[in-house]
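When a ligand or atom number is given, it counts from 1 through the structure's own listing order. Remember, it's a predicted structure, so these values are computed and weren't measured experimentally.
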Amino acid sequence: MSDNFTKLAYETVQQSQSYFAVAHKTISSRLRSLVDPPVEQKTKPLPPQVLQEMQQRLNRLMEADWSDAERGLYPASLLFDRSWSDFFLYYPAIWLDFPQMWERVKQKRYQEFSPEIETEGYPGYYLQNFHYQTDGYLSEMSANLYDLQVELLFNGTADAMRRRILAPLKQGLTGFSGISPRQIRVLDVACGTGRTLKFLRGTLPLASLYGMDLSPAYLRKANQLLSEIPGELPQLLQGNAEELPYLDNYFHGVTSVFLFHELPGGVRQRVINECFRVTQPGGLLIICDSIQLSDAPEFKVMMENFPAIFHEPYYKNYISDDLVGRLESAGFTNIESQVYFMSKYLIARKPA
Ligand SMILES: C[S@@+](CC[C@H](N)C(=O)[O-])C[C@H]1O[C@@H](n2cnc3c(N)ncnc32)[C@H](O)[C@@H]1O
């Protein structure tokens, strides 16, 4: 397949996903207002230039993703990595879940779990129906729907945004060129269903990979995904990122994707401190999460609307939090920040 053809195929798939997600959101929100007309308008209208700006940012994200694959940083097959069986199995389930989700929103029940779900032992801030998700992060069904829901939320760009951690990580690990690739250890904190670990495996085929998360159901889903791919299976552990279950100075690289906006401020600091503790001197931490107000003032209305549409109790605090200050206070230095589409990336080094 020629590069031009592959690039065209990639752009076509990405754009189709984006149109599909927009159609999904438009139809579901119209249906919802038919079934249950809103009593109050909780969101503000978006300024007209926002959609155009978003399209430009989406194009830049695709260009960067394509160009990293083209220069061999990761295999081009990752650009087309989708589980069609999950799509056909679980997309209908998303629609079937809507009525109970809408009821939950109407009744403002944001901490609701099915009686058979074990909620003992989890921190209070975690026991939430983030995005109004049925059973929060604590059921098999939630784990099965999650990847699709996130792709729909981000107009089909969630994986492309996750892949933006790969170039700075690979670059940062060159500082350890004295050891063999097999000795490199990388941890993904709050690995969820394992999408980032799958991309890490494609990029660092020989490295020892580790993933941790609080949700046993999401870890089981990650295990299922990762056992289908070649290479050593990443070691998955259930635990709280506030107390990472690893030795000091153990990992050459630590990553975390889409976690920090779901944590209260103080917990964010504790997790960053823990990431610092487990990172080797000379190693790096890469955080990918939502853009903040300082990254894109033109998206202020959209960022303010987000927690009103989805249940995201810590997002308002997150968008104006000083993450660089938090990283510095943990001990990280040389902190770089990048922005792609709706995500920001913080690349922080532990002094050698
Ligand atoms: C928005 S999801 C992101 C998952 C994944 N990184 C991704 O890219 O999709 C947030 C994840 O953080 C996990 N999580 C939240 N608080 C946590 C904590 N204190 N310790 C460990 N995991 C946590 C949740 O279980 C969930 O899997």
Side-chain angles (χ1 to χ4, degrees), residues 78 81 83 86 113 117-119 121-133 135-154 156-166 169 186-200 209-223 225-226 234 236-246 254-275 278 285-290 306-307 310-315 318 340 342-345:
L78 292 189
D81 184 73
S83 170
D86 268 21
F113 294 85
I117 302 276
E118 182 55 77
T119 53
Y122 293 100
Y125 64 82
Y126 182 72
L127 293 174
Q128 305 273 348
N129 302 104
F130 288 103
H131 334 128
Y132 303 115
Q133 235 161 294
D135 294 326
Y137 287 122
L138 293 177
S139 72
E140 305 300 319
M141 188 47 98
S142 161
N144 284 328
L145 302 189
Y146 172 81
D147 289 331
L148 269 175
Q149 286 169 326
V150 177
E151 284 299 351
L152 290 166
L153 170 69
F154 287 129
T157 62
D159 276 349
M161 290 196 289
R162 289 184 182 107
R163 286 191 290 268
R164 295 287 79 231
I165 64 157
L166 301 173
L169 178 68
V186 177
L187 167 69
D188 188 36
V189 173
C191 63
T193 56
R195 299 294 306 162
T196 303
L197 283 167
K198 185 169 187 185
F199 299 139
L200 286 169
L209 300 182
Y210 298 73
M212 63 82 54
D213 199 282
L214 254 178
S215 164
Y218 278 53
L219 286 168
R220 280 193 287 276
K221 183 80 182 173
N223 188 51
L225 173 82
L226 298 165
L236 302 177
L237 260 188
Q238 199 243 344
N240 187 339
E242 290 174 81
E243 291 170 40
L244 287 173
Y246 305 100
V254 176
T255 60
S256 187
V257 177
F258 304 146
L259 167 69
F260 284 84
H261 72 281
E262 293 196 346
L263 301 178
V267 179
R268 256 174 243 143
Q269 185 66 56
R270 284 201 286 282
V271 174
I272 288 176
N273 293 348
E274 276 293 273
C275 291
V278 301
L285 164 69
I286 304 186
I287 293 175
C288 158
D289 213 307
S290 159
F306 182 61
F310 297 91
H311 178 57
E312 284 288 2
Y314 314 111
Y315 190 77
Y318 166 84
Y340 286 98
M342 305 312 287
S343 289
K344 80 178 299 172
Y345 302 81

Subject >> Stacked cation flag Arg164 on Tyr345, 6.0 angstrom / 45 deg >> reply: no
Which atoms of ligand 1 sit under 4.0 Å from any heavy atom of [X]?
X      : answer
Gly239 : 20 (N), 21 (C)
Leu259 : 12 (O), 14 (N), 15 (C), 16 (N), 17 (C), 23 (C)
Tyr126 : 14 (N), 15 (C), 16 (N), 24 (C), 25 (O)
Tyr146 : 1 (C), 2 (S), 3 (C), 4 (C), 7 (C), 9 (O)
Gly192 : 4 (C), 27 (O)

For [Y], is there any backbone N or O sitting under 3.5 Å from a side-chain donor or acceptor partner on [X]?
X      : Y      : answer
Tyr314 : Tyr125 : yes
Asp289 : Lys344 : no
Glu274 : Ala241 : no
Arg163 : Leu78  : yes
Asp213 : Gly192 : yes
Thr193 : Lys221 : no

Subject >> Side-chain heavy-atom pair Met212, Leu187 within 4.5 angstrom cut-off >> reply: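 SC-SC contact between Met212 and Leu187 confirmed.
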Counting only nitrogen or oxygen atoms and a 3.5 angstrom limit, does [X] reach ligand 1?
X      : value
Glu262 : no
Ala190 : yes
Phe258 : no

Compute the minimum heavy-atom distance from [X] to ligand 1 and say whether it is under 4.0 Å.
X      : value
Leu263 : yes
Ser256 : no
Phe130 : no
Arg195 : no
Asn240 : yes

Give the residue and atom name of whichever protein heavy atom lies nearest to [atom], and the separation in Å to one decimal.
atom                    : result
atom 20 (N) of ligand 1 : Ala241 N, 2.9 Å
atom 8 (O) of ligand 1  : Arg162 NE, 2.8 Å
atom 27 (O) of ligand 1 : Asp213 OD2, 2.7 Å
atom 18 (C) of ligand 1 : Leu214 CD1, 3.4 Å

Subject >> Phe260 ring center within less than 6.0 Å of Tyr318 ring center >> reply: no
Original post:
Have Tyr122 and Ser215 got a donor and an acceptor in their side chains that come within less than 3.5 Å?
Top reply: no
Original post:
Does the side chain of Asn129 come under 3.5 Å of the side chain of His311 through a donor N or O and an acceptor N or O?
Top reply: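 Note: Asn129 and His311 side chains miss the donor-acceptor criterion.
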**OP:** Verify the neighbour count for atom CD of Gln238: are there more than 12 heavy atoms of other residues, nucleotides or ligands below 6.0 Å?
**Re:** yes
Just to be sure I read this right, does ligand 1 sit under 4.0 Å from the backbone of [X], its side chain, both, or neither, counting only heavy atoms?
X      : answer
Pro123 : neither
Tyr137 : side chain
Tyr122 : neither

